[in-house]
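In listed order, ligands and their atoms are each counted from 1. Each residue takes its place number in the sequence, starting with 1.
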Amino acid sequence: MTTTLPAFTKDADWLDWCANPSKPKFRLPKGAVDAHCHVFGPGDIFPFAPERKYTPCDASYEQLFALRDFLGFERNVIVQATCHGADNRALVDALQRSDGKARGVATVKRSVTDEELHALHAAGVRGVRFNFVKRLVDALPFDSLTEIAERISKLGWHIVIYFEAEDLKEYFKFFTDLPTTVVVDHMGRPDVSKNAFGPDFDLFVKLLEYDNFWCKTTCPERLSKSGAPAYDDVVPFAKRIVEAFPGRVIWGTDWPHPNMKSHMPDDGNLVDFIPKIATTESLQKKLLVTNPMRLYWPEEVRGDQ
Ligand code: 0GY
């Protein structure tokens, strides 16, 4: 008897990733890492999770690796997206097909076994993601997150957190009590119509003053109100962070850009955004090579693999 896998229809207002990105004018440094991107499905092989809040178009590992090569990146960090819940099979498959050029950030439940954690590690997973964005998840099970944090800390993994700026005050203590390196997605989603040196973003900077905190200076397309292609209103926020914490920032495309409603960015144009926020070769190398390598391929940085 054959079973038929469920078919998925993307959301009616879903914007597909850009199939013909421009070639960036900015030449990425050798060894550059796209440290925040996703794979979606394909849904007929890796079904989307029943508890998902959106149904995307497919975005396969082949398409991701083709984009990596086209833009001039050498490696990827693939982050589990909420549309796959805690089913990390699509992520693991992509990691295993990457020839060691991709590492991953998974989502796990409290019920995950040690064997499953070790299998994820063997596939290249080096962190877990805790998502606090209310439109993306049902509940925030803080006690189970604390338990997961303790367990994954023993593997030397870190925690990626995704939250909205307006919730930072409430979660500040929970975040700073986490026992691992913590990497914040998309600069904590600041309201870029406010002042990059005003009290709201100052609170975010205070979080980064804890020296176990890192930041992805990502997603101008998601945060900008002034819009493409310049995303000028995001520049002062990202530049402030890159210059204040040059050794703890990383960057990624966020391909295939889930839940974009205003427009779908041109990934080549996003690469051209980098020199606006990291204005010297030294800052660019830290942001794109040295820092992500320290987090995701530390054995290569030490040269003792
Ligand atoms: C991102 C942003 C989003 C989605 C997810 O896991 C996800 O579904 O992260 C979003 O909707 O803001 O980084 O991919």
Just to check, does [X] reach to within less than 4.0 Å of ligand 1 when the distance is taken from its heavy atoms?
| X | value |
| --- | --- |
| Lys53 | no |
| Arg189 | yes |
| Asp185 | no |

Worksheet item: Should we say atom CG of Asp143 is surrounded by more than 12 heavy atoms from elsewhere, each under 6.0 Å from it?
Response: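 Yes, because the 6.0 Å sphere around CG of Asp143 holds more than 12 heavy atoms from other groups.
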Item to complete: Evaluate the side-chain proximity of Leu145 to Glu150: yes if any heavy-atom separation is below 4.5 Å, no if none is.
Response: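 No - every pair of side-chain heavy atoms lies 4.5 Å or more apart.
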Worksheet entry | Pro265 side chain near Trp17 side chain, heavy-atom distance below 4.5 Å |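 No; the side chains remain at least 4.5 Å from each other.
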Which of the numbered atoms in ligand 1 are under 4.0 angstrom from any heavy atom belonging to [X]?
| X | answer |
| --- | --- |
| Leu136 | 4 (C), 5 (C), 8 (O), 10 (C), 11 (O) |
| Tyr54 | 7 (C), 8 (O) |
| Asp254 | 1 (C), 13 (O), 14 (O) |
| Pro258 | 1 (C), 3 (C), 4 (C), 11 (O), 14 (O) |

Worksheet item: Considering the options Leu288, Ile250, Val301, which one meets the side-chain contact (heavy atoms from CB on, under 4.5 Å) requirement together with Met293?
Response: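 Filter result, single survivor: Val301.
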Practice prompt. Check Val183, Leu287, Leu283 against Val249 for a side-chain contact (heavy atoms from CB on, under 4.5 Å) and give me the one that passes.
Written response: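 With Val249 as partner, side-chain contact (heavy atoms from CB on, under 4.5 Å) holds for just one option, Leu287.
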Shortest protein heavy-atom distance from [atom], along with the residue and atom involved:
| atom | result |
| --- | --- |
| atom 14 (O) of ligand 1 | His38 NE2, 2.6 Å |
| atom 13 (O) of ligand 1 | His186 NE2, 2.6 Å |
| atom 12 (O) of ligand 1 | Tyr162 OH, 2.6 Å |

Using 30° and 60° as the class limits, which term best fits the ring planes of [X] and [Y]: parallel, tilted or perpendicular?
| X | Y | result |
| --- | --- | --- |
| His84 | Phe48 | tilted |
| His36 | His38 | perpendicular |
| Phe172 | Tyr210 | perpendicular |

Fill in: Residue of the set Arg129, Arg189, Lys216 for which side-chain hydrogen bond (donor to acceptor under 3.5 Å, both in side chains) holds with Tyr162
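Exactly one candidate clears the test, Arg189.
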Worksheet item: Given that the side chain starts at C-beta and the backbone is N, CA, C, O, which of these parts of Val133 lies under 4.0 Å from ligand 1, counting heavy atoms, or is it both or neither?
Response: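 For Val133, there is no contact with ligand 1 at all, from either part.
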Worksheet item: Heavy-atom contacts under 4.0 Å between Thr82 and ligand 1: side chain, backbone, both, or neither?
Response: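 The answer is both, backbone and side chain.
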Item to complete: Return the option from Arg135, His36, His84, Arg129 holding the heavy atom at the smallest distance from atom 5 (C) of ligand 1.
Response: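 Considering heavy atoms of Arg135, His36, His84, Arg129, the nearest to atom 5 (C) of ligand 1 sits in Arg129.
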